[in-house]
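Written below as structure tokens is the structure these notes are about.
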Protein chains: 2
Amino acid sequence: MARGPRQADIARMSGVSQATVSVVLGGNRAGVRLAEDTRRRVLAAAEELGYVPDPVATRLASSRNNLLGLYTFTATFPTDVADSYYPILVGVEEEAAELGQDLILFTGSSAGTRTHDHTRIHRTRLADGCLFLGRHVPDEPIRELVASGFPVVYIGRREELGGTIPYVGADYVSASAELIGRLADAGHTTIRYLREDDDAPSSRDREQGVLAGAAAHRLDVRVDRFDGAGLPDLGRWAAEGVTAVVVEETDTGAVFHAVTGALAAAGMSAPGDLSLAVLGRPPAGVPGPVVSGFEVPRREMGRGAVRLLDALVGPDRRAAPELHRLLPCAPVAGDTIRRNQDV
Amino acid sequence: MARGPRQADIARMSGVSQATVSVVLGGNRAGVRLAEDTRRRVLAAAEELGYVPDPVATRLASSRNNLLGLYTFTATFPTDVADSYYPILVGVEEEAAELGQDLILFTGSSAGTRTHDHTRIHRTRLADGCLFLGRHVPDEPIRELVASGFPVVYIGRREELGGTIPYVGADYVSASAELIGRLADAGHTTIRYLREDDDAPSSRDREQGVLAGAAAHRLDVRVDRFDGAGLPDLGRWAAEGVTAVVVEETDTGAVFHAVTGALAAAGMSAPGDLSLAVLGRPPAGVPGPVVSGFEVPRREMGRGAVRLLDALVGPDRRAAPELHRLLPCAPVAGDTIRRNQDV
DNA sequence: CTGAAAGCGCTTACAG
DNA sequence: CTGAAAGCGCTTACAG
């Protein structure tokens with residue numbers, strides 16, 4: 001493929017060395033003294049030739065490229081979880097654009113084999129640093145990346161490598177506890193928490209918050225795991241005195257759909273027959289009243305992660321940035337919690 | 001930043017030259033004969049050291065990087081136009097993943113100055129080729145890129161550079177004409193087409209299709225441009241005998257919202273008082289009956305564009321791919337066209 | 001069968 | 001004040 005003009009061409013044209021061209025064009029970072037005349041000749045030649053630096057060569061020589069990676073641990077772009085994925089991507093992209101960084105998207109291997117992932121993950125080195133995103137994340141490749149000094153930031157809290165990996169996440173613990181508090185305030189004492197049968201930091205944090213809230217308000221909160229099959233037995237729960245159901249929010253909305261499905265199947269509705277709350281927002285397009293819950297600040301998480309990564313990439317070890325941030329989740333009052341009359 | 005092991009380290013470890021390492025690790029493209037033993041030693045050393053090729057160096061030396069660019073001509077990631085942008089991105093990413101290509105996202109300058117854009121656009125050279133996306137596209141930088149032999153594909157029809165730029169678009173002309181045909185079949189003879197006051201290939205194609213449909217069915221179709229201020233005067237249109245309104249679809253949905261706003265303001269509804277059709281799909285979340293129109297195959301456009309770009313990037317000039325493709329738009333019957341009784 | 005050399009287009013010390 | 005050199009980590013002819 002035919003390439004454009006390079007520094008050597010400018011050098012020839014303006015009668016200086018290629019290195020001088022580099023200095024002039026590089027904005028003279030090193031503070032070298034340059035003859036004004038030389039500078040002008042070089043600039044004129046560059047302009048005339050339509051010179052544009054080759055980013056690959058620049059990167060190889062200087063090891064900084066204004067390129068930030070985003071590695072997502074899914075085979076392909078999430079389409080079924082667009083609600084949760086896109087806002088993050090928007091935040092990431094916004095902040096990257098503001099910082100003048102380009103973005104490179106990596107996707108996990110479809111095969112999902114260790115070796116393959118291993119190779120792919122190392123391609124992130126093309127960028128100056130990389131963001132990682134995904135409910136589940138393989139430990140090993142990241143360890144190597146981090147060990148080699150490559151800047152890495154997670155979107156979402158992570159515990160890997162002894163909690164040393166930088167991240168920007170959401171404070172699910174506080175938000176979940178606060179939601180239980182709202183239920184307590186509404187007079188509910190017997191509550192069922194339904195979560196997915198799948199472990200991830202975001203799941204652990206929510207459960208921890210639920211249990212903390214229960215303890216703080218001396219409530220009877222039982223935790224059930226939804227195994228994906230069948231519908232929750234709402235009738236039995238009611239018989240056990242349950243007046244409010246809290247469901248975990250995940251990107252697929254599986255638990256939420258299971259509960260609303262069970263409600264519909266039983267001819268029940270929220271909050272008429274049962275108070276309902278979700279630890280986040282329900283899936284988009286759900287009809288009916290606004291479900292009580294809280295916002296997950298995905299866009300801000302994306303932005304914050306980029307800012308942190310940029311700070312980590314920068315050579316200037318200024319005031320070391322905070323390596324672990326948990327963003328607050330604003331409560332959504334909603335209309336699905338009603339006062340419990342049994343109190 | 002500390003880097004990982006390189007070929008030189010492997011060479012030292014296995015007692016061969018760095019060049020031999022390159023040959024072994026490169027899968028021996030050149031068909032060089034290698035001692036099986038050497039191959040094994042090199043591979044073993046690479047494995048032990050956890051070697052991963054530096055993609056930047058690879059690209060500089062070989063000019064192929066398995067990296068495809070996507071340049072979007074907006075200051076930031078479109079959030080208000082997510083409906084139209086995200087499906088394209090999904091298609092692009094899916095196909096890229098299938099082809100084993102990573103994706104690099106470039107955004108236009110926020111400043112929007114010529115020079116700045118010019119510089120940024122050339123950063124796309126980091127990739128092996130680049131997709132371009134945007135309603136409006138500056139001519140000049142693309143020209144240079146194409147002139148230098150850099151593979152470029154547009155998403156959406158483009159006329160720049162004498163129509164030589166490869167693209168994958170949607171066949172708005174046929175789809176728009178077909179929609180007018182549906183209106184004609186329903187007995188409408190006096191139709192108003194409301195479009196944005198903004199020129200782009202997609203707007204021109206729609207208008208052309210509308211006019212072609214009108215001519216084919218000998219209808220009275222007048223074209224109005226919506227200047228963004230105020231609401232269309234539905235009352236006057238009705239007085240002029242208009243029984244159906246067709247609106248352009250654009251990523252912002254501005255025209256559509258103007259018409260539905262005017263309908264509401266006039267206490268009217270579609271199709272009760274007026275038949276309504278849109279040249280595409282209405283903005284998401286619009287309540288009421290399904291609006292008659294057609295699908296825009298955004299995801300397929302994304303996929304097709306990636307396939308085309310990949311073919312262009314590949315060194316093997318096999319059966320030259322079709323450089324210009326227009327994908328069909330499936331009709332959406334909808335419920336907003338009713339039989340015109342005035343016939 | 002394998003090594004030494006040149007080169008991709010830059011940046012960054014280091015000499016003058 | 002500016003040039004020559006080395007080097008970033010690879011690939012690709014080209015010698016042996």
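What you see below is based on every heavy atom in this structure, not just the backbone, and it leaves out hydrogens, waters and symmetry mates. Naming convention: chains lettered A, B, ... in sequence-line order (proteins, then strands); numbering from 1 in each chain.
Within residues 37-46 of chain A, no residue has any heavy atom closer than 4.0 Å to DNA chain C.
Nearest heavy atoms, Leu309(B) versus Gly129(B): CD2-C, 3.7 Å.
Among residues two or more places apart in sequence or in another chain, the side chain to side chain donor-acceptor pair (under 3.5 Å) test is passed with Arg39(B) by Glu36(B). For Tyr167(A), the ring-ring contact (aromatic ring centres under 6.0 Å, His included) partners at least two apart in sequence or on another chain are His324(A). Taking the side chain to side chain donor-acceptor pair (under 3.5 Å) definition, one finds that Thr164(A) meets it with nothing, sequence neighbours left out. Considering only residues two or more places apart in sequence or on other chains, Arg325(A) meets the side chain to side chain donor-acceptor pair (under 3.5 Å) condition with none of them. Shown here are the side chain to side chain donor-acceptor pair (under 3.5 Å) partners of Arg307(A), two or more places apart in sequence or in another chain: Glu95(A). For the salt bridge (charged side-chain N to carboxylate O under 4.0 Å, His left out) test, residues two or more places apart in sequence or in another chain that qualify with Glu159(B) are Arg157(B), Arg204(B). Scored by the side-chain contact (heavy atoms from CB on, under 4.5 Å) test, Gln101(B) finds Arg64(B), Asn66(B), Leu68(B), Ala96(B), Leu99(B), Asp128(B), Asp310(B) as partners (sequence neighbours excluded).
We find that CD of Gln18(A) is positioned 14 Å from P of dA6(D), with the value rounded to whole Å. Across the protein-nucleic acid pair, Ile10(A) atom CD1 and dC10(C) atom C1' stand 12 Å apart, rounded to whole Å. Look at CZ on Arg12(B): it is 13 Å from C1' on dG9(D), rounded to the nearest Å. The nearest whole Å value for the distance from the CG atom in Leu60(A) to the C1' atom in dT12(C) is 13 Å. Gln7(B) places its CD atom 11 Å from the P atom of dG9(D), with the value rounded to the nearest Å. As a whole-Å value, the separation of Asp54(A) CG from dC8(C) P is 11 Å. Atom CG in Leu25(A) sits roughly 15 Å away from atom P in dG9(C) (whole-Å rounding). The CG-P distance, from Asp9(A) to dG9(C), rounds to 9 Å in whole Å.
For Val16(A), whose side chain is taken as the heavy atoms from C-beta onward, the closest listed nucleotide among dC8(D), dC8(C), dG3(D) is dG3(D).
Not one side-chain nitrogen or oxygen of Thr58(A) sits closer than 4.0 Å to the OP1 or OP2 atom of dC10(C). Contact check, Thr20(B) against dG3(C): a side-chain N or O comes under 4.0 Å of OP1 or OP2. The shortest distance between the side-chain N/O atoms of Ser22(A) and the OP1/OP2 oxygens of dT11(C) is below 4.0 Å.
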task: Give DNA chain D the dot-bracket treatment, 5' to 3': Watson-Crick (N1-N3 with N6-O4 or O6-N4) or G-U (N1-O2, O6-N3) under 3.5 Å, [ ] crossing, | other strand.
output: |||.||||||||.|||

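A salt bridge links Glu94(B) to Arg299(B): one of the charged nitrogens lies within less than 4.0 Å of a carboxylate oxygen.
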